[in-house]
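Data block below; observations after.
These values consider heavy atoms only, across backbone and side chains, with no hydrogens, waters or symmetry-generated copies. In the text below, chain A, chain B and the rest are named by the order of the sequence lines, each starting its count at 1.
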There are 4 protein chains.
Amino acid sequence: MSQQQGKSAAAGGTGREGDRRHTILRAAIDVFARKGYHGCRIADVAREAGVAYGLVYHYFKNKDELLETVFETGWGGFVSRMRSVAQSEGALEDKVRRIADVAIEAYRVDPRAVRVLILEIARNPSGGRGISRQHVFLDIIRLAADMFAKAQESGEVRKDLDPMLAAALLFGAIEMGLTAFVSGLIDIKNPEALDRAKLQLSETFLRGVLPGAASPEVSWKQEKSSSGIKPKEGRGS
Amino acid sequence: MSQQQGKSAAAGGTGREGDRRHTILRAAIDVFARKGYHGCRIADVAREAGVAYGLVYHYFKNKDELLETVFETGWGGFVSRMRSVAQSEGALEDKVRRIADVAIEAYRVDPRAVRVLILEIARNPSGGRGISRQHVFLDIIRLAADMFAKAQESGEVRKDLDPMLAAALLFGAIEMGLTAFVSGLIDIKNPEALDRAKLQLSETFLRGVLPGAASPEVSWKQEKSSSGIKPKEGRGS
Amino acid sequence: MSQQQGKSAAAGGTGREGDRRHTILRAAIDVFARKGYHGCRIADVAREAGVAYGLVYHYFKNKDELLETVFETGWGGFVSRMRSVAQSEGALEDKVRRIADVAIEAYRVDPRAVRVLILEIARNPSGGRGISRQHVFLDIIRLAADMFAKAQESGEVRKDLDPMLAAALLFGAIEMGLTAFVSGLIDIKNPEALDRAKLQLSETFLRGVLPGAASPEVSWKQEKSSSGIKPKEGRGS
Amino acid sequence: MSQQQGKSAAAGGTGREGDRRHTILRAAIDVFARKGYHGCRIADVAREAGVAYGLVYHYFKNKDELLETVFETGWGGFVSRMRSVAQSEGALEDKVRRIADVAIEAYRVDPRAVRVLILEIARNPSGGRGISRQHVFLDIIRLAADMFAKAQESGEVRKDLDPMLAAALLFGAIEMGLTAFVSGLIDIKNPEALDRAKLQLSETFLRGVLPGAASPEVSWKQEKSSSGIKPKEGRGS
DNA sequence: CATGAATGAGTCTTCATTCAT
DNA sequence: CATGAATGAAGACTCATTCAT
């Protein structure tokens, strides 16, 4: 009943009000993370928060606004950080690394919130509603696409790559990487696991995207493929 | 009411056949693709299929089994093809390309079904149910992880890469790439768009993953295989 | 498939038709006995009978008529025998014994049918329907009431007893006695158990009902008159 | 619509109280009494109680629990009174009279509730559910059987009578006697009718059961306690 | 006669949302 | 602000009944 000192500032207000509201929000995140938006009832959120049923409706117009708020709370910060990175000046390489960093850190700080975002955002067609969420989600991809387009101009990225696709690949990699954690596919004994993942993620992506001789004679104009791979020190050969 | 067309097309297409079960399945795929599992009512499926409400229950035990069947129908073939590619003999490069191929072709053949899979599979916590779906989804990632692990042994893939993560990245890239199509981010005017995406997807991924001098000043080669990773069968030493 | 020779006559027809019809009827009795009328579906009956779903509707207009037929089949014979006993000439004592005999024998011959009758007859308010059944059930009590009224005239039964109540007691005793068997409260190892019950039932009832000095200082002869009962010649006078 | 009266009478009787649960329970008893468990819809109960549909589910988990509660409410008191009588010290004669008294009084106080009990209790096979009800019902017969067994030891009851059967007869008589009222076979103009019935019921039963010279040429005294009978605790030698 | 697919009205049950206290 | 009882629309599921073959 009194453990939410640390975050009451975020919600603003008298402090006591922020307390309750924030408690409910946290509860919502937890329950959404556990059972998904559709699988949870307002009653679940209220119980998890330890407040009365009706109180949820004091702070949130309806269930949808609650989810929307969860979304904004969790996603908002992520997006703005992402945006500031994407639109900042600097080398693309660094930007990509910082984007991965933002994502992984978000997960480290609040895995449940990330789980909700991954689970519920941009995944629900649900007529009408969900549009705004999907919209924001797509926006961030477009943002990154712009970033890649600019990087192509400056020669930082292979020119034959579709910027939009590059952006999709980046976030796809990030998202599925996190999913691997979320789903327990990769479990986190020590915090280094996340760091390793972050590193591998960004570097692997960069290798694929940066221009350079490294390409396995990529020549997707004729798709000959296969031959001529020279592993530096192949074990098999 | 121009969707009357769509309905009769779906339902009456072959018409005389007693294969109403299949009609219903198609209708379910369409409605799921349009509104998602939760957003669709049995009544919608029945109307879309042009059959009576109760008939859905004649062929499917309940809504869940219907979804499950949609899942198996769409996913089953995909998985088995994926598996046969992953477990086949041959160069990793080819395998990756063929995997991308399978995915993109699946989308080309039946974009709605793919949309349902992307939307509903492995994305819904939904207590209890969904387990099997998530399970299969994770299995395919493990499968790919094995493939990468073996490729590491033969030196076809950088040894410092976590196989599980590599698998996650591959499917993340594929999935988000398709999502870009599904969501309209990348518009499909000409069929070549898909081919281009397929090519870029696989080649970009391969660049990032194959061994070679191309790596940007990667400086983390050390702590490999440290911890936190759960390979299904750690064959490599 | 061929054990219903004895009753095919009742159903009439070619014999083969009687076969099917009778099979269904037997199945209905069994299922009703096991799950009750409401708890059973036409599908259950069809499966139990080993015939096709729709065939039930060839022989019976609807579920209700099926039950009605079960009722008439099982109850009809019982009632007519009961009636012939009640309206026969002879000593009341004998009649009572024969009534108990008819009931117990019915149970011995076809316990399941009796179970259905006990369970479903005259017990279901079910608006409208059931009236006929209840009607017949009450009729038999009225019948017995008449029997007792006549026996009072001839001095075979205590005159201070309400005939209707006496009839109710008799059938109540019979029914609950059978219920004790049906429910397993008394189980039937050897057939004598039923005979004993029959004997005790009728003799105990008779002791209570026959005139005689045995009455335990019965002192309630006063408040006669009351409800619709007219002892022809009150004892007090 | 003159039943609006009935409704408001039932629902608004005390009105201001928040004891809607009780209102619903009463309504359920009334509707069950009128249409039986299967014939009644939750909507009926809600309408009868004058409350919203959903409120029924606020107080009762489901239709079955509602019936179960009706059962416990009505039956519970009856059983405990019955038990205390059966297990009390005193002459068997008095006990029997008091048992009849309890039953008849229960009917006088709340005929509808008794109707429900008679109609629904121990009469519905209904797989699984109903077990508890049947169980309690049989328990009370076993209880009475014990009472009779003890009375046999002290010579208060004929020794050649099966206690279990005696118990069945007693309750059969009571139940069918009440059924006669419930079904309108015996009309209740004046309240004395019930008293008469009570008296006749107990005295008739006692005559049949008490030892004494009154027995008609009973000639079966021998084979007592032969077989097939399951006394809960066969104490008598 | 037989079959079992097809129909759809009837019910239960859930749960977001409102409201009196 | 807090509470939780009250509301009722929405939707899954059942199953008696019909019908084409």
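The distance from atom CG of A:Asp19 to atom C1' of F:dC1 is 14 Å, rounded to the nearest whole Å. The distance between atom OH of C:Tyr53 and atom P of E:dT7, rounded to the nearest whole Å, is 15 Å. The distance from atom CZ of B:Arg41 to atom C1' of E:dT14 is 16 Å, rounded to the nearest whole Å. Atom CD1 of D:Ile42 is separated from atom P of F:dT14 by 18 Å (rounded to the nearest Å). Atom pair D:His38:NE2 and F:dA16:C1' shows a separation of 15 Å (rounding to whole Å applied). Taking atom CG of residue A:Leu55 and atom P of nucleotide E:dT17, one finds them 16 Å apart after rounding to whole Å. Taking atom OH of residue A:Tyr57 and atom P of nucleotide E:dA16, one finds them 6 Å apart after rounding to whole Å. With rounding to whole Å, D:Asn62 atom CG is found 5 Å from E:dT13 atom P.
Side-chain contact between A:Thr69 and A:Lys61 is absent, with no heavy atoms from C-beta onward closer than 4.5 Å. You'll find the side chain of D:Tyr37 reaches within 4.5 Å of the side chain of D:Asp64, heavy atoms only. Counting only heavy atoms from C-beta outward, the side chains of D:Tyr59 and D:Leu25 never approach each other to under 4.5 Å.
Taking for each of A:Gly54 and D:Cys40 the nucleotide of DNA chain E with the nearest heavy atom, the 5'-most of the two is the partner of D:Cys40. Each of A:Val51 and B:Lys61 was assigned the nucleotide of DNA chain F with the nearest heavy atom; the assignment lying further toward the 5' end belongs to A:Val51.
Between C:Asp30 and C:Arg26, at least one side-chain nitrogen of the basic residue sits less than 4.0 Å from a carboxylate oxygen of the acidic one, meeting the salt-bridge criterion. Ion pairing between B:Arg34 and B:Glu48 holds under the 4.0 Å rule for side-chain N and carboxylate O.
Nucleotide E:dG8 forms a Watson-Crick or G-U wobble pair with F:dC15, both donor-acceptor distances falling under 3.5 Å. Across all strands shown, E:dC1 forms no Watson-Crick or G-U wobble pair with both distances under 3.5 Å.
Remark: B:Tyr59 is in phosphate contact with E:dA6, judged by side-chain N or O atoms under 4.0 Å from OP1 or OP2.
Remark: the C:His58 side chain and the E:dA2 base include a donor-acceptor N/O pair separated by less than 3.5 Å.
Proximity note for D:Arg20 (side chain, C-beta onward) versus E:dG4, F:dT7, E:dT3: the nearest is F:dT7.
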